[in-house]
Amino acid sequence: MDERFEVAAAEVCKTALRELKECHNHERGKGYIISCLVDNRVNISDYECHQFITRMASIIFSDYRLICGFVDNCKADINRLRCGRISNDPKVVHSQGEVVACLEHALTDQEEHRDGEQLQDVCRKAILRVAELSSDDFHLDRHLYFACRDDRERFCEKVTAGDGRVYKCLFNHKFEDDMSEKCKNVLTIRQKLIAQDYKTSYLLAKACRLDLKYNHCTAEVVPHLREVRLSHLLICLENAMHNGKSISSDCQGEMLDFRHILMEDYSLSPEIVLNCHSEISSMCFGLNKKGRTLHCLMRVERGEGGKGNLGNECRRALLTLVQEADLGSDYRVDRALNEACESVIQTACHGIRSGDPMVLSCLMEHLYTDHMVDECEHALLELQYFISRDWKLDPMLYKRCNGDANRLCHSQMMNESTPGAIISCLYRHAYRTEAQGSRLSRNCKHEVWRILHQRALDMRLNPELQEQCLKDLGKWCSDKPEFGTELECLQEHMDELWDPCKQLVSNFTMLEGQDIEIEVLLMRACDAVVQTYCHDVSDTQSGTGELMQCLIKNKHQHEMNEKCAVGVMHFQLIQMKDFRFSFKFKTACKEDVLKLCPNIRKKADVVICLSTMVRNDTLQEVKEPRVSLKCQRQLRVDELEMTEDIRFDPDLLSYCDADVRRFCKDVSFGGAQVLECLKEKKKSLSLKCHEKIFRREEIEMADPEMDFNLIRVCKQMIKRFCATSDTKSLMQCLKQNKNSEMMDPKCKQMITKRQITQYSDYRLNPALKRACRADIPKFCKSLLDHEKNDHELEGKVISCLKMKYGKQRLSSECEDQMGIAIKDAAIDYRLDPQLQQFCSKEILHLCQEEAAAQEQTGQVEECLKMNLPKITSKDCKTEVINILRESKADVFVDPVLHTACALDLKHYCAGIPPGEGRQMSCLLDLLEDKTVRLQPPCKNMLTERKEMWEYAYKVAPVEDLQGLAQQLLISPSRNYFLAVILVGLCVLFAIDIVSN
């Protein structure tokens with residue numbers, strides 16, 4: 001350098017040289033003094049000296065040979081790379097800045113292609129130093145100046161040079177359509193230099209100088225760093241902010257700008273260029289604008305079905321870049337996301353300050369809603385995929401849970417290379433009770449709750465679950481393309497999953513059982529039901545399992561839509577796989593299960609185990625029941641829930657699966673419809689299924705509350721007529737009120753169906769079974785000995801007891817129940833299975849109109865009685881004759897006659913107790929008494945009945961002496977026959993005396 005420059009500097013900058021001792025002590029004549037002053041020009045307060053140094057800087061940067069030490073340090077590299085020719089001839093013209101630009105290009109290239117020949121370290125430092133010295137005024141970067149002159153005039157005309165302002169302006173317009181390609185390329189080189197050493201950005205270095213020093217982020221504090229890379233600066237200062245330290249607003253502003261720049265152009269990250277070259281070339285080529293390449297890589301890694309396609313090195317480089325850009329702190333850093341989600345933010349998140357971390361949270365809350373658009377959805381999930389792999393990228397979560405993570409998860413010692421390890425640990429502690437200990441703080445729990453709810457929308461946002469279940473997803477769920485269905489699919493195949501995957505899915509399912517609000521999509525679908533029926537539960541009992549219980553209870557309300565119903569049903573089915581999935585049941589019964597039913601996991605088996613113990617303890621009147629009271633109460637709730645769907649009873653379904661496919665293939669599950677279908681097809685079922693259905697009916701008849709359809713159809717009638725009745729007596733109460741004018745027709749029809757079932761077998765009629773428990777083995781033992789235990793007796797036992805009715809042989813309780821049975825069958829022939837079995841053809845041909853009547857009032861039985869002479873079938877004739885005999889025993893069991901003679905009974909026979917044929921005898925005596933005038937309907941009906949009885953006696957076969965005696969006793973001519981028998985006995989007695 002010309003010595004005259006140093007002489008002039010010594011004169012003009014005399015004061016500055018005295019203040020800057022590092023410059024004053026330099027050797028004269030080698031240009032070091034000028035270089036030192038240029039380096040420290042920001043600290044020069046003297047106006048004339050400052051102006052002189054500024055002019056000198058323009059001269060120096062116009063010719064790299066004037067830059068102190070540059071030629072010595074880079075001579076070999078300049079020649080090797082053919083960036084120019086070294087010559088001291090002043091007549092040789094040097095292209096303005098081309099040599100420096102060539103070396104800068106080589107420096108950035110070697111970062112991206114590290115397998116080639118490297119620049120010398122002294123030259124590399126010199127290049128960065130030159131870039132640093134030219135960082136305040138773009139005029140000093142001659143190559144950039146000439147490349148971007150027109151663009152500066154186009155985009156930054158009003159921006160004054162100095163303090164790096166023109167650089168910043170040009171960076172902001174780098175991807176504008178009008179930006180020249182030449183300027184864009186030179187700006188990219190400049191940005192790459194900044195990425196290598198933050199000091200090459202004047203504004204960033206100036207704004208963050210003190211913050212870097214106070215937070216120990218400088219090269220002086222970290223000796224192994226030759227320069228402070230931009231990535232180190234950003235991560236260091238971001239961590240400081242996350243830990244609650246204050247960073248100046250100017251520094252934060254500059255950091256935001258460069259985070260934005262990093263996300264906008266992937267080529268500024270050497271690690272991305274180096275490690276993701278093949279992925280970019282094959283899958284993301286030509287998308288190098290506005291952050292699209294990076295989002296393309298994110299999309300590739302997120303993959304369909306969670307199958308990442310990036311190499312390990314590329315994946316790590318991408319995650320590192322996301323960490324450097326700190327995308328969770330400010331969505332605006334990600335230009336691709338910002339543009340894609342602008343409309344959603346304006347409509348759904350307008351109340352949140354721009355740049356607030358909660359904007360991303362707001363977007364997640366509106367995922368898959370009407371507010372969301374496809375472009376935003378894709379960009380958001382691509383970003384969240386990487387944020388979910390480093391919990392520090394969510395600033396609110398990190399701020400509020402850092403202490404809990406250290407305390408409970410030992411996060412400082414945990415290997416953070418395991419994606420999602422810390423957040424998984426926090427999940428496990430989120431819903432612990434006080435008794436379990438080690439709970440999260442309130443603020444941390446709220447954040448974990450937020451994260452858990454948001455990330456449940458997509459299984460790929462749970463890195464631990466995705467990693468362990470990748471094979472199972474491919475094996476079982478490859479045909480489920482719908483969002484949010486992966487976890488449901490894994491839950492459905494729980495028993496077939498690989499153990500590590502099964503454990504994670506089980507843990508997550510248990511969390512759902514405690515707090516179903518984790519299932520955000522389900523909660524959206526069920527919003528109407530929640531708001532109408534479960535609002536208080538949702539507000540005050542979150543995380544207790546009560547909300548799901550409420551949804552199950554109100555599953556059949558008209559506000560329930562198909563999506564909500566399907567979701568609730570899915571959860572109920574999953575609960576059957578393991579009792580621990582039902583939080584309320586687990587909480588109430590865990591100790592009982594471990595003590596009484598160890599090694600049983602399936603909920604249906606656990607319920608059967610515990611309910612069997614409860615029933616046995618009740619029957620044996622044990623003073624201290626084995627099952628705790630709180631478990632008994634919850635057990636009852638779950639037993640009732642399980643009656644709704646045959647799938648809730650895996651044992652029953654396994655025996656009846658083939659029958660379901662054969663007879664009920666078009667019947668929907670739920671609402672006990674399949675079970676009802678199997679009941680209607682009972683006679684056609686396979687033997688094992690038939691036995692199971694019979695046992696199920698036996699349980700329902702003993703405990704009507706377990707009959708889902710009966711309770712559902714008759715819910716209002718139960719409230720009206722049976723509000724005070726015991727649950728075991730509900731069916732009895734409904735039968736008593738069946739013919740009330742206020743009875744709902746659908747409920748009446750259901751009661752009739754259940755009555756038909758009851759009378760098909762005495763074991764399905766608890767009241768009759770209990771009343772006749774001594775009579776059945778006494779009179780019908782031979783019949784029972786020849787029948788199977790698990791097969792309907794088709795009314796045979798009841799028919800057997802009918803034969804003893806009115807003969808003073810049955811116990812009083814059994815006599816009363818049989819009277820009710822005979823009366824019920826007289827009103828509705830369908831309640832008499834024996835009559836239906838033996839008289840089906842006669843009913844079809846002789847009483848078709850009566851059988852088709854919507855309301856059965858005894859007309860079919862009456863029709864058969866009237867047509868008794870026309871009946872040719874011996875079995876049918878016998879059944880009708882037996883009916884006539886029964887009606888002779890008690891007028892009460894002949895509802896048609898009883899109705900016709902009601903007034904006469906009240907007037908003439910009021911003092912005669914019912915039963916044993918007494919009232920019937922009273923009516924028959926009145927019919928013979930010429931002084932008594934019976935009501936015409938009663939007289940006519942009695943006359944008809946008398947004729948029927950006489951005909952029945954004529955045609956009825958006498959099978960034994962007992963039958964003969966019975967006929968004689970009830971015959972209209974019984975007095976005559978008795979007199980003849982008496983005379984005969986007297987004659988025999990007289991002959992015996994004479995002979996002796």
Side-chain angles (χ1 to χ4, degrees), residues 491-496 552 555-556 565-566 568-579 582 600-612 615 635 638-713 731 750 753-761 763-766 787-795 833:
Q491 289 172 332
E492 289 168 1
H493 293 87
M494 185 89 71
D495 297 333
E496 294 91 4
I552 293 172
K555 193 165 62 174
H556 299 282
V566 169
V568 174
M569 178 62 70
H570 165 78
F571 190 77
Q572 288 182 277
L573 290 172
I574 297 306
Q575 283 185 333
M576 292 296 106
K577 294 179 181 291
D578 193 323
F579 77 93
S582 174
I600 301 178
R601 282 290 179 84
K602 290 186 176 181
K603 185 177 178 182
D605 296 339
V606 171
V607 170
I608 291 172
C609 173
L610 293 176
S611 60
T612 300
R615 182 171 64 251
L635 187 63
D638 285 270
E639 281 182 319
L640 297 178
E641 286 179 8
M642 289 170 62
T643 63
E644 179 194 358
D645 197 312
I646 191 172
R647 292 173 296 179
F648 296 162
D649 190 340
D651 186 49
L652 175 60
L653 182 59
S654 66
Y655 282 108
C656 295
D657 189 48
D659 299 273
V660 171
R661 291 196 301 270
R662 182 181 177 190
F663 300 111
C664 312
K665 61 181 180 180
D666 297 325
V667 179
S668 301
F669 286 102
Q673 294 179 73
V674 172
L675 189 60
E676 199 68 24
C677 170
L678 291 174
K679 290 177 182 177
E680 292 172 359
K681 302 290 183 181
K682 188 164 51 176
K683 293 183 180 180
S684 304
L685 299 178
S686 61
L687 181 61
K688 288 292 184 182
C689 179
H690 188 282
E691 291 175 358
K692 289 293 180 181
I693 292 296
F694 179 81
R695 289 301 177 199
R696 181 65 175 262
E697 287 181 324
E698 196 172 6
I699 292 171
E700 291 176 352
M701 292 303 174
D703 187 355
E705 201 174 18
M706 299 288 286
D707 188 338
F708 181 85
N709 266 323
L710 177 70
I711 299 301
R712 179 178 61 84
V713 174
M731 185 63 188
M750 180 59 68
K753 286 180 70 174
R754 294 301 183 257
Q755 284 183 290
I756 293 171
T757 300
Q758 277 191 334
Y759 288 121
S760 68
D761 193 303
R763 290 169 294 182
L764 302 180
N765 192 327
E787 297 294 338
K788 297 179 181 179
N789 289 332
D790 294 319
H791 205 280
E792 284 89 343
L793 299 174
E794 300 295 344

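The model shown is predicted, which means the values in this text are computed figures rather than measured ones.
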>> Please determine whether side chain to side chain contact (heavy atoms under 4.5 Å, CB included) holds for the pair Lys688 and Glu691, giving the CA-CA distance in whole Å, both sets of side-chain angles, and the decisive distance to 0.1 Å.
In response: CA-CA 5 Å; Lys688 288 292 184 182; Glu691 291 175 358; 4.0 Å; yes

> Between Leu685 and Cys656, does a side chain to side chain contact (heavy atoms under 4.5 Å, CB included) hold up when you go through it step by step?
Replying inline: CA-CA 8 Å; Leu685 299 178; Cys656 295; 5.6 Å; no

>> For a side chain to side chain contact (heavy atoms under 4.5 Å, CB included) check, start with the C-alpha distance between Met642 and Met706, then their side-chain angles and the critical distance, and finish with the verdict.
In response: CA-CA 9 Å; Met642 289 170 62; Met706 299 288 286; over 6 Å; no

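A donor-acceptor contact shorter than 3.5 Å links the side chain of Ser611 to the backbone of Ile608.
When the side chain to side chain contact (heavy atoms under 4.5 Å, CB included) test is applied to Lys679, the partners found at least two apart in sequence or on another chain are Leu675, Glu676, Ile693, Glu697, Glu700, Asp707, Arg754. The salt bridge (charged side-chain N to carboxylate O under 4.0 Å, His left out) test applied to Arg647 returns Asp645, not counting sequence neighbours. Scored by the salt bridge (charged side-chain N to carboxylate O under 4.0 Å, His left out) test, Asp578 finds Arg580, Arg601 as partners (sequence neighbours excluded). In terms of the side-chain hydrogen bond (donor to acceptor under 3.5 Å, both in side chains) criterion, residue partners of Arg712 (sequence neighbours excluded) are, by chain and number, Asn709. The ring pair (Phe, Tyr, Trp, His ring centres under 6.0 Å) search around His556 returns Phe708, not counting sequence neighbours. Take Ser686 and apply the side chain to side chain contact (heavy atoms under 4.5 Å, CB included) test, not counting sequence neighbours, and it matches Asp659, Cys689. Looking at residues two or more places apart in sequence or on another chain, you find a side chain to side chain contact (heavy atoms under 4.5 Å, CB included) between Lys602 and Asp605. Partners of Ser654 under the side chain to side chain contact (heavy atoms under 4.5 Å, CB included) rule, at least two apart in sequence or in another chain, are Asp651. Under the rule for a salt bridge (charged side-chain N to carboxylate O under 4.0 Å, His left out), Glu496 has no partner lying at least two apart in sequence or in another chain.
Going from atom CD of Gln758 over to atom OG of Ser760 covers 9.0 Å, rounded to the nearest 0.5 Å. Expressed to the nearest 0.5 Å, how far CG of Leu678 lies from OH of Tyr655 amounts to 15.5 Å. The structure places NZ of Lys681 at 7.5 Å from CZ of Phe663, a figure rounded to the nearest 0.5 Å. To the nearest 0.5 Å, the span separating CD on Glu705 from CG on Leu710 amounts to 10.5 Å. Put simply, CG on Asp638 and CG on Leu610 are 10.5 Å apart, with the number rounded to the nearest 0.5 Å. Atom-to-atom distance recorded for Asn765:CG and Met731:CE is 9.0 Å, nearest 0.5 angstrom.
Looking at every heavy atom in both residues, Pro833 comes nearest to Gly795 through CG-CA, 3.5 Å.
Note on Arg696 versus Asp649: salt bridge recorded, some NZ/NE/NH1/NH2 to OD/OE distance being below 4.0 Å.
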Check residues 570-577 and write down every donor-acceptor pair under 3.5 Å in which the side-chain atom is one partner and the other belongs to a residue at least two apart or another chain.
{"from": "His570", "atom 1": "NE2", "to": "Gln491", "atom 2": "OE1", "distance (Å)": "2.7"}
{"from": "Gln572", "atom 1": "OE1", "to": "Lys555", "atom 2": "NZ", "distance (Å)": "2.4"}
{"from": "Lys577", "atom 1": "NZ", "to": "Glu492", "atom 2": "O", "distance (Å)": "3.3"}

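Side-chain atoms of Glu644 and Met569, non-hydrogen and from C-beta on, do get closer than 4.5 Å to each other. Between Phe694 and Leu764 the shortest side-chain heavy-atom distance falls below 4.5 Å.
Counting only residues at least two apart or on different chains, the side-chain hydrogen bond (donor to acceptor under 3.5 Å, both in side chains) pairs with a member in residues 661-672 are Asp657-Arg661.
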